[in-house]
Amino acid sequence: MIAPDDSTSRHFIREIIENDLKAGKHKTVVTRFPPEPNGYLHIGHAKSMCLNFGLAADFGGRCHLRFDDTNPETEETEYIEAIQRDIRWLGFDWGQHLYYASDYSERLYQYALELIKLGKAYVCTLSTEEFKDYRGVPTRPGKESPWRNRPITESLELFQRMREGKEAEGAYVLRAKIDMASPNMHLRDPVLYRINKTPHHRTGTTWPIYPMYDFAHCLSDSIEGITHSICTIEFEVHRPLYDWILDVLKVPCHPQQIEFARLNLSYTIMSKRLLQELVNSKVVAGWDDPRLPTLAGLRRRGYTPEAIREFCRRVGVTKVNSLSDVALLEHCLRDDLNKRSHRVMAVLNPLRVVLENYPDGREETFEALNNPEDPSAGARRVPFARVLFIERDDFQENPPPKFFRLAPGRTVRLRYAGFITCQRVIKDPATGAIKELHCSYQPPAPKGQAPEGSKVKATLHWVSATHALQAETRLYDRLFTKENPADEADFKACLNPASLQTVSAWIEPNVRGAQPGSRYQFERLGYFCVDPDSTDDKPVFNRTITLQDTWAKIQQAQRISTCKMSKS
RNA sequence: UGCCGGAUGGUGUAAUGGUAGCACAACAGACUCUGGAUCUGUUUGUCCAGGUUCAAGUCCUGGUCCGGCAACCA
């Protein structure tokens with residue numbers, strides 16, 4: 001159970017808002033979530049959404065969804081749809097407040113004209129190379145453009161020509177007139193508008209000029225009456241420019257920009273560029289590949305929105321760059337899935353078991369709890385017969401210490417179905433490989449207690465060989481072998497070759513007809529989710545996450561200690 | 001060598017001058033028809049050096065280290 005922990009849901013941004021409200025600076029809270037439609041949303045965006053939508057909801061305000069679509073080169077309608085789908089899935093709602101920066105084109109253009117008239121902006125004729133040269137470097141001031149003092153009327157005329165499409169891309173830009181010697185690079189007469197004739201996914205060829213982020217964002221915020229404009233810390237150095245524009249122009253309001261540290265997650269990448277690269281190079285199957293931290297990928301993998309939101313709550317909000325442990329995300333996931341998933345039995349790596357004393361042709365069913373954590377989930381019946389499959393890992397001919405599953409002469413419990421004792425191990429005479437086990441069977445006692453005097457320490461999952469449904473399972477592991485792949489010289493060099501294993505499985509027939517997205521716990525194995533690739537005759541299950549596996553830990557510890565012993 | 005941020009256990013975070021707390025991870029135990037879940041316990045921390053103060057993670061000074069900033073991207 002996740003105990004409510006108020007200490008982690010309180011943070012400095014909430015405090016700022018509380019104080020603003022208390023001081024009467026605002027009557028309500030208006031935030032915005034401003035994705036650029038040039039890629040899919042990932043769990044880092046989830047943190048931002050939890051902040052913006054969450055804070056607005058907590059204070060009874062509203063959160064706008066605004067597409068920051070001011071760059072026609074990279075943006076596409078596909079992304080607009082995917083982004084909305086993902087936000088809704090995560091559980092957030094923008095109501096009527098869906099906006100596009102591109103809808104503000106005319107107003108933004110008028111603001112730009114205003115800026116020129118105020119003598120605070122000018123059209124600059126410098127080429128890109130010259131521009132770079134004049135800008136200087138952080139440690140040394142830049143030089144003023146020779147066009148800086150171009151007459152206002154000339155700038156006005158040129159800017160209008162730019163807008164009418166009469167000028168070539170790169171020929172001119174509109175620049176703010178601030179301070180070429182500023183230690184803040186963003187104040188060195190930043191570009192406000194550039195010419196770009198690429199058709200825009202929404203406005204087509206109506207606009208041959210596009211505002212830069214710094215110009216469009218603060219004004220869009222102001223136009224929408226945003227009170228708190230929350231963004232990530234790389235925009236901290238942009239804040240003086242955000243404020244400059246809103247101070248110089250006559251605008252509806254002046255929102256407060258507040259920065260927080262973006263989310264980084266161990267063993268994965270969050271950069272849109274790198275994600276795009278994995279998708280383009282077909283390293284993964286698409287933006288919704290279940291190994292990706294995209295919301296579409298996590299959804300397909302079987303993550304719940306609740307688990308993601310709880311994770312975001314628990315990592316907190318600060319201005320410190322950090323790398324959050326993916327184990328916390330996984331913990332939140334297991335915690336949620338444990339409470340809600342129906343249990344079912346499935347065998348991934350089958351070992352045939354023949355019950356010597358169980359009549360051939362006889363069948364019966366045993367009642368099994370759908371979810372021991374939730375009595376209201378009810379029960380189901382699982383078919384049982386003479387030939388079963390158990391997990392190959394659950395038998396060892398020469399059991400190591402602490403292995404208390406099945407072994408020759410040993411008795412174990414079958415989940416909900418009684419007990420078996422291993423009598424004989426049948427091997428392939430040619431290879432020596434274990435073919436099947438012959439066991440004696442003892443039906444279950446009323447409460448499942450072990451037979452008097454026996455030392456039954458394990459309970460195994462099983463399926464009836466004739467009744468089991470064959471399915472494909474996709475076993476996922478982390479995509480990368482390094483904690484912070486983005487730090488590597490070549491992030492693709494640390495891809496985990498075993499991040500996906502496709503394995504066929506035998507599943508109890510109760511899952512027949514399960515719809516894509518349905519989640520189950522395969523007892524003792526992990527949580528699985530029906531993939532959209534499923535067909536009527538062949539379901540496909542994605543392994544969302546394994547169960548905690550104490551035995552695996554013991555084994556690993558044993559391996560390490562034998563390794564040490566052989567070394568010394 | 002410029003400017004802006006930041007630094008609390010392995011990780012993430014809290015403590016708003018007054019007992020350094022929580023979660024994850026790790027480890028140990030209890031319980032259990034999932035070696036699951038649950039419960040209990042243990043280990044581990046204020047970047048450094050000075051100063052102010054009865055008292056400093058918190059305030060001051062100096063340093064160290066880390067992140068960001070030099071797209072006509074966002």
Side-chain angles (χ1 to χ4, degrees), chain A residues 1-3 5-8 10-11 15 34-36 38 68-71 73-75 124 126-128 131-132 135-142 169-170 172-175 182-188 191-196 210 212-214 216-217 231-240 259 261 266 272 314-332 334-335 338-339 343 345 368-369 372-373 402-405 413-417 444-445 447-450 456-461 483 521-526 546-554:
Chain A
M1 276 281 280
I2 294 170
D5 181 358
D6 291 338
S7 64
T8 53
R10 289 201 55 80
H11 48 75
E15 231 152 75
E36 185 190 7
N38 68 347
D68 222 337
D69 55 349
T70 54
N71 181 5
E73 309 242 325
T74 55
E75 297 159 4
C124 183
L126 251 28
S127 69
T128 311
F131 183 94
K132 275 183 187 162
R135 183 177 42 212
V137 290
T139 50
R140 244 197 302 276
E169 286 187 14
Y172 301 99
V173 289
L174 181 72
R175 290 228 249 169
S182 171
N184 182 341
M185 296 295 288
H186 298 277
L187 260 24
R188 318 243 269 227
V191 173
L192 265 22
Y193 267 88
R194 78 284 202 184
I195 300 170
N196 192 319
Y210 289 88
M212 300 293 291
Y213 166 84
D214 287 307
H217 204 87
C231 63
T232 47
I233 34 182
E234 66 268 27
F235 290 101
E236 203 151 19
V237 283
H238 293 241
R239 187 169 6 115
E259 309 86 11
S266 59
K272 248 190 225 177
R314 289 216 206 181
V315 291
V317 181
T318 65
K319 298 187 70 161
V320 190
N321 276 303
S322 59
L323 183 63
S324 290
D325 195 339
V326 72
L328 179 60
L329 209 215
E330 294 175 342
H331 168 82
C332 294
R334 286 194 183 100
D335 193 63
N338 176 47
K339 285 179 289 195
R343 269 116 256 222
M345 287 192 284
L369 261 23
E373 304 286 317
K402 292 187 182 170
F403 180 88
F404 42 81
R405 275 112 95 145
R413 176 167 24 230
L414 293 179
R415 183 79 160 146
Y416 298 116
K447 279 184 173 171
Q449 316 97 305
V456 173
K457 284 174 95 173
T459 300
L460 309 188
H461 61 275
E483 253 204 337
Q521 184 198 99
F522 290 180
E523 290 222 33
R524 301 211 305 141
L525 295 177
T546 58
L547 253 27
Q548 295 279 24
D549 190 346
T550 308
W551 170 239
K553 276 186 194 171
I554 295 170

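Heavy atoms only: backbone and side chains are in, while hydrogens, waters and symmetry mates are out. Chain letters run A, B, ... following the sequence lines, proteins first and then strands; every chain starts at 1. These figures come from a predicted structure and were not determined experimentally.
Considering all non-hydrogen atoms of both residues, A/N184 and A/P240 come closest at ND2-CG, 3.6 Å. The two atoms that bring A/N338 and A/Q521 nearest to each other are OD1-NE2, 4.5 Å, heavy atoms only. Nearest heavy atom pair, residue A/N38 against residue A/K272, reads OD1-NZ, 2.6 Å. Across A/R188 and A/V137, no two heavy atoms sit closer than the pair NH2-O, 2.7 Å. Across every non-hydrogen atom of A/Y416 and A/P444, the tightest pair is O-CG, 4.5 Å. When every heavy atom of A/R405 is checked against every heavy atom of A/A458, the shortest pair comes out as CA-CB, 3.8 Å.
A gap of 15 Å separates the C1' atoms of B/A30 and B/G35, to the nearest Å. B/U42 and B/A23 have their P atoms separated by 12 Å, with the value rounded to a whole Å. The separation of B/U53 from B/C48, taken at their P atoms, amounts to 23 Å, rounded to a whole angstrom. For the P atoms, the distance from B/U13 to B/A7 is 10 Å, rounded to whole Å. Straight-line distance between the P atoms of B/A25 and B/G36: roughly 13 Å, to the nearest whole Å. Spacing between B/U46 and B/G9 at atom C1', rounded to whole Å, works out to 10 Å. Rounded to the nearest Å, the gap between the C1' atom of B/A74 and that of B/G17 is 42 Å. Using C1' as the reference atom, B/G12 and B/A26 are 15 Å apart when rounded to the nearest Å.
Counting only heavy atoms from C-beta on, A/E234 has its side chain closest to B/G68 among B/A70, B/G68, B/U34. When distances run from any side-chain atom of A/N71 to the nucleotides B/C73, B/A70, B/G35, the shortest one goes to B/C73. Of the candidate nucleotides B/C72, B/G2, B/A14, B/G2 has the atom lying nearest to any side-chain atom of A/T139. Looking at the side chain of A/V137, the nearest of the listed nucleotides B/A25, B/C72, B/A70 is B/A70. When each of B/C69, B/C72, B/A23 is scored by its nearest atom to the side-chain atoms of A/L328, the top-ranked nucleotide is B/A23. Of the candidates B/A74, B/C33, B/G35, the closest approach to any side-chain atom of A/H238 belongs to B/A74. For A/M212, the side-chain atoms get nearest to B/C73 when compared with the rest of B/C73, B/U34, B/G35.
B/A71 takes the syn form, because its glycosidic angle lies no more than 90° either side of 0.
Residue side chain A/R314 does not reach the base of B/U13 through any donor-acceptor N/O pair under 3.5 Å, judged by distance alone. On a pure distance criterion of 3.5 Å, no polar donor-acceptor pair joins the side chain of A/E373 and the base of B/U38. Residue side chain A/R334 does not reach the base of B/G36 through any donor-acceptor N/O pair under 3.5 Å, judged by distance alone.
Using a 4.0 Å heavy-atom cutoff across all strands shown, A/S322 reaches sugar-phosphate atoms only and no base atom. When heavy atoms are screened at a 4.0 angstrom cut-off, A/V173 is found touching base atoms of the nucleic acid. The residue A/T318 sits close only to the backbone: its heavy atoms come under 4.0 Å of sugar-phosphate atoms, none of a base. Residue A/R135 is classed as a sugar-phosphate contact, given heavy-atom separations below 4.0 Å to backbone atoms only. Note on A/K553: only backbone sugar-phosphate atoms sit closer than 4.0 angstrom, heavy atoms only; bases stay farther off. If you check every strand for non-hydrogen atoms under 4.0 Å, A/Y210 touches nothing. A/L126 comes within 4.0 angstrom of a base, heavy atoms only. Counting any heavy atom pair closer than 4.0 Å across all strands shown, A/F403 reaches a base atom. Among the heavy atoms of the strands, none lies under 4.0 Å from A/P34. Across all strands, A/F404 comes closer than 4.0 Å to base atoms (heavy-atom distances). As judged by a 4.0 angstrom heavy-atom cut-off over every strand, A/T546 is placed among residues making no nucleic acid contact.
The side chain of A/T550 contributes an N or O atom lying less than 4.0 Å from OP1 or OP2 of B/G36. Taking 4.0 angstrom as the limit, A/T70 places a side-chain polar atom (N or O) nearer than this to OP1 or OP2 of B/A74. Considering only side-chain N and O atoms, A/S324 lies nowhere under 4.0 angstrom from the phosphate OP1 or OP2 of B/U11. Under 4.0 angstrom from either OP1 or OP2 of B/G35 there lies no side-chain N or O belonging to A/R405.
For the residue pair A/N71/A/E73, the side-chain donor-acceptor check at 3.5 Å is not satisfied.
Stacking of the aromatic ring of A/Y213 onto the base of B/A74 is not found under the criterion of centres within 5.5 Å and planes under 30°.
Between A/H217 and A/H238, every side-chain heavy-atom pair lies at or beyond the 4.5 Å cut-off. Taking 4.5 Å as the limit, some side-chain heavy atom of A/E169 sits within range of a side-chain heavy atom of A/N196.
Along RNA chain B, the nucleotide nearest A/L323 and the nucleotide nearest A/R194 are compared for position; the residue whose nucleotide lies closer to the 5' end is A/L323.
One interatomic measurement links the two molecules: NE2 of A/H331 to P of B/A23, which rounds to 10 Å at whole-angstrom precision. If you measure from atom CD of A/Q548 to atom P of B/C27, you get 10 Å, rounded to the nearest angstrom. As a whole-Å value, the separation of A/E330 CD from B/A26 P is 11 Å. Per the geometry, CZ belonging to A/F131 stands 8 Å off P belonging to B/A71, to the nearest Å. Here B/C33 presents its C1' atom at 16 Å from NZ of A/K457, a figure rounded to the nearest Å. Straight-line distance from the CD atom of A/E483 to the C1' atom of B/C24: 13 Å, rounded to whole Å. Put simply, CZ on A/R188 is 16 Å from C1' on B/A71, counting in whole angstrom units. If you take CD of A/E259 and P of B/C69, they are 14 Å apart, rounded to a whole angstrom.
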Look for any protein N or O under 3.5 Å of an N or O in nucleotides 16-18 of chain B and output each such pair with its distance, or none.
residue : atom : partner : partner atom : Å
B/U16   : N3   : A/E15   : OE1          : 3.1
B/U16   : O4   : A/E15   : OE1          : 2.3
B/U16   : O4   : A/E15   : OE2          : 2.4

Report, one pair per line, the protein and nucleotides 4-9 of chain B atoms (nitrogen or oxygen only) whose separation is under 3.5 Å.
residue : atom : partner : partner atom : Å
B/G5    : O2'  : A/E236  : OE1          : 3.4

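Taking the six-membered ring where the residue is Trp, A/W551 and A/F403 present perpendicular rings, their angle passing 60° and hence far from 30°. In this pair, A/Y213 and A/F235 present their aromatic rings tilted. The plane angle is within the 30 to 60° band.
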key: Secondary-structure notation, RNA chain B, from Watson-Crick and G-U pairs under 3.5 angstrom (| other strand)   = .((((((..((((....[..)))).(((((.......)))))....(((((..]....))))))))))).....
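Side-chain atoms of A/R524 do not come within 3.5 Å of backbone N or O of A/D549 as any donor-acceptor pair.
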key: A/D335 and A/K339: CA distance, side-chain angles, deciding distance, salt bridge (Lys or Arg N to Asp or Glu O under 4.0 Å) verdict   = CA-CA 7 Å; A/D335 193 63; A/K339 285 179 289 195; 3.7 Å; yes
